[in-house]
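Okay, so here's the structure we're looking at.
Note that these values count all heavy atoms, side chains included, but never hydrogens, waters or copies made by symmetry.
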Amino acid sequence: MSASIAEIFNDSYQRMSDRYRDQFYECFYSCFISKDPRVAEAFVGVDMERQKSMLEDSLMMLLSCAATGETSESLQSLARVHSKLHIPADLFALWMDSLVEALERVDPSYKPADGLAWRAMFMPGVEYMIAHVSAADQ
């Protein structure tokens, strides 16, 4: 019997957290910033160590959304912050691509199923974020 998406994700996320955490976050921001000049501009002068910690917290919020099917107060607050910063909705796809690209680069055990599992697990929360920033633009 094949592993479920959640099992594949959990194994991959555990490997990343246990072995490659610092490399992963460094690689993620390198990938993300290089994908679009708007992203690069947004991170000028930003404390990247603090930003990495905030990303880790954000991932937990997104995972909670996938696990419960509900948006936590923390995720709602995160969406409001991104809306106030006028983060364009199209950048969320680049964010997701960068997340998977960083995983592929730093985890020597990476398999395409890992990337698919990450996308599946984070997508409910990302879709909420996109809907929230898109609604604010209207």
Go through the steps to decide whether Y25 and Y29 satisfy the test ring pair (Phe, Tyr, Trp, His ring centres under 6.0 Å), and finish with yes or no. CA-CA 6 Å; Y25 289 117; Y29 278 109; 7.7 Å; no

Taking all non-hydrogen atoms of both residues, which atom of [X] and which atom of [Y] are closest, and how far apart?
X    : Y    : value
A6   : M121 : CA-SD, 4.3 Å
V106 : Y20  : O-CD2, 3.6 Å
A79  : V133 : O-CG1, 4.3 Å
F122 : L62  : CD2-CB, 3.6 Å
A102 : C27  : CA-SG, 3.8 Å
H132 : S83  : CD2-CB, 4.0 Å

Between CE of M96 and CG of L94, what distance do you get to the nearest 0.5 Å?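 Output value for this atom pair is 11.5 Å.
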
Would you compute the distance between atom NE2 of H82 and atom OG of S58 and round it to the nearest 0.5 angstrom?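 So the NE2 of H82 and the OG of S58 are separated by 6.5 Å.
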
So does [Y] get a backbone contact from the side chain of [X], meaning a donor-acceptor N/O pair under 3.5 Å?
X    : Y   : value
E7   : S4  : yes
S77  : E73 : no
E101 : C31 : no

What pairs of donor and acceptor atoms, side-chain ones from residues 112-120 against any protein atom, are under 3.5 angstrom apart with sequence neighbours left out?
from : atom 1 : to   : atom 2 : distance (Å)
D114 : OD2    : R15  : NH2    : 3.1
D114 : OD2    : K111 : N      : 2.9
W118 : NE1    : S12  : OG     : 2.9
R119 : NH1    : D97  : OD1    : 3.1
R119 : NH2    : D97  : OD1    : 3.0

Non-hydrogen side-chain atoms of L63 and M60 separated by less than 4.5 Å: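 Yes, their side chains come closer than 4.5 Å.
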
Salt-bridge contact R38-E41 (side-chain N to carboxylate O under 4.0 Å):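 Salt bridge: no.
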
Between E56 and K52, is there a salt bridge with N-O shorter than 4.0 Å?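 Salt bridge flag = no for E56 with K52.
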
Kindly determine whether L55 and W95 satisfy side chain to side chain contact (heavy atoms under 4.5 Å, CB included), including the steps that lead there. CA-CA 11 Å; L55 174 60; W95 181 91; 3.8 Å; yes

Validation row, ring centre Y13 to ring centre F9 under 6.0 Å: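 So the answer is yes for these two rings.
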
